[in-house]
Amino acid sequence: MSDRETQPVERQLPTDEARDLLALVRDIAQREIAPKAAEEEDAGRFPREVFTLLSEAGLLGLPYDPEHGGGEQPYEVYLQVLEELAAARLTVGLGVSVHTLASYVLATHGTKQQQVEHLPAMLGGGLLGAYCLSEPSSGSDAASLRTRAVRDGDDWVLNGTKAWITHGGIADFYTVMARTGADGPRGITAFLVPGDAEGLSAALPEKKMGLKGSPTAQIHLDGVRVPDERRIGEEGQGFGIALSALDSGRLGIAACAIGVAQAALDQAVAYATERRQFGHPIADFQGLRFLLADMATQIEAGRALYLAAARLKDAGRPFAKQAAMAKLHCTDTAMRVTVDAVQVLGGYGYTADFPAERYMREAKVLQIVEGTNQIQRMVIARHLAGPESR
């Protein structure tokens with residue numbers, strides 16, 4: 001690899017505090033995360049100690065209320081933190097995004113008592129969360145979920161299976177959507193389920209193309225008893241809460257995608273300026289220079305799009321359409337850029353000696369999680385032309 005030093009991304013940040021925060025994150029990423037990323041991904045190892053460090057540094061609750069251990073940072077800043085973490089290792093960036101998503105439901109829809117009781121440990125106490133909406137038979141059609149919660153005195157008893165759960169089997173808490181009423185979106189309620197609840201178990205982690213260090217597993221709920229105090233929001237409000245959480249979560253995925261794409265571009269530029277053919281660095285050849293220029297332009301456009309959506313959210317304005325656009329564009333960009341990075345490296349790009357092939361494998365999943373990109377197109381089109389007439 002080239003000794004050429006990678007230049008940090010030029011960021012527009014709103015405060016000196018935010019600039020200091022990004023500098024801290026970049027330092028942690030370069031010292032504690034990136035050096036071990038390739039080896040640990042190859043071994044399928046989840047870096048729990050990194051999440052402990054991030055929790056101690058106050059980085060697992062950045063967008064939330066400081067009263068409960070949050071960092072009170074705008075999404076504009078939080079997402080750029082995610083980008084830096086994902087550029088170092090997607091398992092970490094995505095993990096922070098998923099933890100933030102799992103905490104969102106309680107942080108925004110929980111009662112004051114629930115927040116006081118649970119949020120400090122979730123945001124700064126070393127706990128790790130998971131978000132449970134999808135099921136084996138309901139992915140994109142989440143409103144058809146079958147996991148059921150039945151009232152039994154002051155408790156609820158949950159039965160069912162959740163699928164594709166990031167941190168499945170290692171999470172300390174699970175934000176679970178379960179059916180408490182009739183079929184359809186109005187019969188779903190949200191619950192906060194402890195990771196050690198009796199009757200909760202995890203299947204073996206999925207064997208995935210990439211992102212091997214991040215466990216993804218089915219979660220089985222077999223008579224899991226949860227007190228009514230762990231019901232979040234009113235009965236039947238769960239689906240609306242879930243969609244609201246996903247709007248914010250999609251911005252996290254967009255930021256992670258740009259982080260992966262930036263890492264791939266940085267490697268491609270470093271390689272192209274070192275590798276010599278026909279007596280010149282291959283970066284001298286116009287075809288390759290144009291390829292690098294297109295990669296960089298797509299990344300900057302994606303970054304601008306997710307930040308524009310974040311600023312709408314921070315201003316309290318509707319942002320669901322822009323979140324879908326950001327998730328769509330940024331993850332498609334990550335796929336294109338990582339494929340092009342492999343091409344720049346040629347045969348070396350196809351080997352595990354360089355991380356380009358890992359970036360390409362990891363980018364693919366970002367087009368699928370938290371709503372496939374086909375679903376994002378449907379969301380955007382509904383904002384433009386209204387719901388489909390059927």
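Side-chain atoms are counted along with the backbone in the values below, which use heavy atoms only and exclude waters and symmetry mates.
Taking all atoms of both residues into account, the shortest heavy-atom contact from A326 to L251 is CB-CD2, 4.2 Å. The two residues A171 and A130 come nearest to each other via the heavy atoms CB-CB, 3.8 Å. Taking each heavy atom of V98 and H167 in turn, the nearest pair found is CG1-ND1, 4.2 Å. The two residues G195 and L200 make their nearest non-hydrogen contact at O-CD2, 3.8 Å. The shortest heavy-atom contact between G169 and A202 is CA-CB, 3.5 Å. Annotation for A197 and V224: closest pair CB-CG1, 3.9 Å, computed over non-hydrogen atoms.
Looking only at distances, a side-chain donor or acceptor of R179 sits under 3.5 Å from a matching main-chain atom of A182. For Q115 (side chain) and A107 (main-chain N/O), a donor-acceptor pair under 3.5 Å exists by modelled atom type. Without hydrogens or angle criteria, K364 side chain to M335 main chain gives no donor-acceptor distance under 3.5 Å. Panel note: side chain H99, backbone M122; a donor-acceptor pair is recorded below 3.5 Å. Put simply, the side chain of R230 gets close to the backbone of L192: a donor and an acceptor are under 3.5 Å apart. No donor-acceptor pair closer than 3.5 Å links the side chain of S214 to the backbone N or O of L211. With hydrogens and angles ignored, the 3.5 Å screen pairs a side-chain donor or acceptor of T297 with a backbone N or O of A293. Q267 places a side-chain N or O within 3.5 Å of a backbone atom of A356 that can act as its donor or acceptor partner. Under the 3.5 Å distance criterion, the side-chain polar atoms of E84 are left unmatched by any main-chain donor or acceptor of L22. A donor-acceptor distance shorter than 3.5 angstrom exists from the side chain of K327 to the backbone of L366, with no hydrogens or angles considered.
Between K36 and E39, no side-chain nitrogen of the basic residue sits less than 4.0 Å from a carboxylate oxygen of the acidic one, so the salt-bridge criterion is not met. For the pair D65 and K112, the salt-bridge criterion is not met [side-chain N within less than 4.0 Å of a carboxylate O]. A salt bridge is absent between E370 and R250: the closest approach of a Lys/Arg side-chain nitrogen to an acidic carboxylate oxygen does not fall below 4.0 angstrom. With respect to R382 and E388, a salt bridge is recorded, a charged nitrogen being found less than 4.0 Å from a carboxylate O. A salt bridge is defined here as a Lys NZ or Arg NE, NH1 or NH2 lying under 4.0 Å from an Asp or Glu carboxylate O, and R225 with D152 meets this definition.
Here the side chains of V339 and R336 are not in contact, with every heavy-atom distance at 4.5 Å or above. The closest side-chain heavy-atom distance from V342 to F354 is not below 4.5 Å. Under the 4.5 Å side-chain criterion, counting only non-hydrogen atoms from C-beta, I219 is not in contact with V193. Annotation: side chain of V105 is in contact with side chain of Y131 (closest heavy-atom distance under 4.5 Å). Looking only at side-chain heavy atoms (C-beta outward), L24 and I28 come within less than 4.5 Å of each other. Put simply, the side chain of Q367 reaches to within 4.5 Å of the side chain of D332, judged on heavy atoms. Here the side chains of L345 and R275 are not in contact, with every heavy-atom distance at 4.5 Å or above. Contact of the D284 side chain with the R289 side chain is registered, since non-hydrogen atoms from C-beta on lie closer than 4.5 Å.
Atom CD1 of residue I165 and atom OG of residue S134 lie 6.5 Å apart, to the nearest 0.5 angstrom. For the atom pair CE of M378 and CG of N373, the computed distance is 13.0 Å after rounding to the nearest 0.5 Å. Separating the CD1 atom in I253 from the CG atom in L94 is a distance of 5.0 Å, to the nearest 0.5 Å. The CZ atom of F239 sits 13.0 Å away from the OG1 atom of T189 when rounded to the nearest 0.5 Å. Interatomic distance, OG of S103 versus CG of L128, reported as 9.0 Å (0.5 Å rounding). Atom-to-atom distance recorded for L145:CG and D183:CG is 9.5 Å, nearest 0.5 angstrom.
Hydrophobic clustering (side-chain heavy atoms under 4.5 Å, transitive across Ile, Leu, Val, Met, Phe, Trp, Tyr) groups L292 together with Y348. M177 is connected to I232 through a chain of hydrophobic side-chain contacts under 4.5 Å among Ile, Leu, Val, Met, Phe, Trp and Tyr, so both are in one cluster. In this structure, Y104 is a member of the same hydrophobic cluster as I188, with clusters built from ILVMFWY side-chain heavy atoms closer than 4.5 Å. Following chains of ILVMFWY side-chain contacts shorter than 4.5 Å, one cannot reach V157 starting from V226, and the two form parts of different hydrophobic clusters. A chain of hydrophobic side-chain contacts below 4.5 Å, direct or via other Ile, Leu, Val, Met, Phe, Trp or Tyr residues, connects L384 to L328.
Among pairs with a residue in residues 186-238, those fulfilling ring pair (Phe, Tyr, Trp, His ring centres under 6.0 Å) read W156-F191, at least two apart in sequence or across chains.
R186 CZ: 12 or fewer foreign heavy atoms inside a 6.0 Å radius. The environment of CZ in F285 is crowded: more than 12 heavy-atom neighbours from other residues, nucleotides or ligands sit within 6.0 Å. Environment of CZ in R146: sparse, with no more than 12 heavy atoms of neighbouring residues, nucleotides or ligands closer than 6.0 Å. Within a 6.0 Å sphere centred on CZ of R317, heavy atoms belonging to other residues, nucleotides or ligands number 12 at most. Around atom CD of E49, more than 12 heavy atoms belonging to other residues, nucleotides or ligands sit under 6.0 Å away.
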Which pairs would a plain distance check flag for residues 75-82, meaning a side-chain donor or acceptor within less than 3.5 Å of a matching protein atom at least two apart in sequence or in another chain?
| from | atom 1 | to | atom 2 | distance (Å) |
| --- | --- | --- | --- | --- |
| E76 | OE2 | R311 | NE | 3.1 |
| E76 | OE2 | R311 | NH2 | 3.0 |
| Y78 | OH | T100 | OG1 | 3.2 |
| Q80 | OE1 | R11 | NH1 | 3.2 |
| Q80 | NE2 | E76 | O | 2.9 |

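Tested against Q262 for a side chain to side chain donor-acceptor pair (under 3.5 Å), the candidates E300, E83, R303 yield a single pass: R303.
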message = As a quick check of understanding, evaluate side-chain contact (heavy atoms from CB on, under 4.5 Å) for L106 and T175, giving each step before the final call.
response = CA-CA 9 Å; L106 182 63; T175 298; over 6 Å; no
